[in-house]
Amino acid sequence: MLELRSLHKTFNPGTPNEVLALQGVDLTLDDGSFTIIIGTNGSGKSTTLNAVAGSFFVDSGQIRIAGTDVTRWPEYRRASLIGRVFQNPFSGTAPNLSIAENFALAARRGLSRGLGFALTAHVRSGMRDAVRQLNMGLEDRLDNAIGAFPADSGRR
């Protein structure tokens, strides 16, 4: 469950560039459910998502994930509890790495890491099987670099 209680965030407070980005945002999202946040440019959609992810700290309010108060946790500590997909496929990815290598990095996000190989034959086979279920013909392109795909390739 995700709970947001009275979130407030002001960027550049006390300056001519002050922006009141979040003003008392409340949201409860139950396990297994989803919500859609709709609004005009500058209405706080991305700011709300970035606050939940821990990209910055809110000025006041509380963020709880699975009953745990993560309001003052840095982004890296929240990584095991929350993930996000960016609208731009090059944000949040390593464009010089392959699709499989990016998947392997994402799968290990928030977990302890060592010096072993993250992309073993077993992991690669599991990825290929999972991607095959999407019926998009991408299972044979896992070794292509993310940067080889056009940024708008997912749009129709």
Side-chain angles (χ1 to χ4, degrees), residues 1-5 7 9 11 19 21-22 25-58 61 63-156:
M1 173 184 287
L2 172 66
E3 297 173 89
L4 310 180
R5 294 289 169 255
L7 295 188
K9 179 62 180 178
F11 293 104
V19 176
L22 301 178
V25 174
D26 289 308
L27 173 71
T28 300
L29 188 57
D30 293 323
D31 289 343
S33 64
F34 69 94
T35 194
I36 299 170
I37 301 174
I38 300 172
T40 60
N41 287 346
S43 63
K45 303 177 302 289
S46 295
T47 302
T48 300
L49 294 174
N50 287 331
V52 170
S55 299
F56 54 79
F57 292 135
V58 294
I63 302 168
R64 295 177 66 81
I65 301 174
T68 301
D69 184 347
V70 299
T71 309
R72 295 288 166 219
W73 285 19
E75 189 171 18
Y76 76 89
R77 280 195 66 200
R78 298 182 199 192
S80 64
L81 300 176
I82 191 158
R84 58 185 166 167
V85 177
F86 294 92
Q87 185 174 1
N88 180 338
F90 297 122
S91 296
T93 64
N96 293 328
L97 297 182
S98 70
I99 294 169
E101 290 165 332
N102 273 275
F103 280 167
L105 286 173
R108 301 290 306 163
R109 184 174 177 182
L111 301 176
S112 62
R113 292 177 276 243
L115 296 176
F117 288 102
L119 192 53
T120 63
H122 176 73
V123 169
R124 185 181 295 273
S125 174
M127 282 181 199
R128 183 168 275 110
D129 291 344
V131 171
R132 184 176 292 117
Q133 293 178 27
L134 299 174
N135 294 320
M136 296 175 66
L138 295 175
E139 61 271 12
D140 295 322
R141 299 181 73 184
L142 292 176
D143 291 323
N144 292 21
I146 291 270
F149 291 91
D152 64 352
S153 63
R155 295 184 188 152
R156 295 187 181 195

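Only a predicted model underlies this, so the values are computations on that prediction, with no experimental measurement involved.
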Ignoring hydrogens and geometry, is there a side-chain-to-backbone donor-acceptor pair from R78 to V52 under 3.5 Å?
->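 Yes; at least one donor-acceptor contact below 3.5 Å.
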Can you measure from [atom1] ([X]) to [atom2] ([Y]) and round to the nearest 0.5 angstrom?
| X | Y | atom1 | atom2 | result |
| --- | --- | --- | --- | --- |
| I63 | T68 | CD1 | OG1 | 13.0 Å |
| L142 | M127 | CG | CE | 7.5 Å |
| L27 | T48 | CG | OG1 | 8.5 Å |

Does any non-hydrogen side-chain atom of S125 lie less than 4.5 Å from one of H122?
->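 Not in contact.
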S98: what forms a side-chain contact (heavy atoms from CB on, under 4.5 Å) with it, not counting sequence neighbours?
->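 With sequence neighbours excluded, S98 shows a side-chain contact (heavy atoms from CB on, under 4.5 Å) to A100, E101, given in chain and number order.
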With sequence neighbours left out, write down each residue that passes side-chain hydrogen bond (donor to acceptor under 3.5 Å, both in side chains) with D69, or none if nothing qualifies.
->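 Here the qualifying residues are Q62, T71.
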Counterpart residues, side-chain hydrogen bond (donor to acceptor under 3.5 Å, both in side chains), relative to T28 (two or more places apart) |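 Listed in chain order: R5.
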Any idea which heavy atoms bring [X] and [Y] closest together, and the distance?
| X | Y | result |
| --- | --- | --- |
| G44 | L22 | O-CD2, 3.9 Å |
| S55 | E75 | OG-OE2, 3.6 Å |
| A53 | I82 | CA-CG2, 4.4 Å |
| R72 | F57 | NH1-CB, 2.9 Å |
| V58 | A51 | CG1-CB, 3.7 Å |

Non-neighbouring partners of F56 that pass ring pair (Phe, Tyr, Trp, His ring centres under 6.0 Å), sequence neighbours left out |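 For F56 the ring pair (Phe, Tyr, Trp, His ring centres under 6.0 Å) partners, ignoring immediate neighbours, are F11.
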Salt bridge (charged side-chain N to carboxylate O under 4.0 Å, His left out) contacts touching residues 119-139 (sequence neighbours left out) |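 Every pair satisfying salt bridge (charged side-chain N to carboxylate O under 4.0 Å, His left out) with a residue in residues 119-139: R124-D143, D129-R132.
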Which pairs with one or both residues in residues 26-50 pass salt bridge (charged side-chain N to carboxylate O under 4.0 Å, His left out), sequence neighbours excluded?
->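 Applying salt bridge (charged side-chain N to carboxylate O under 4.0 Å, His left out) to every pair that reaches into residues 26-50, excluding sequence neighbours, yields nothing.
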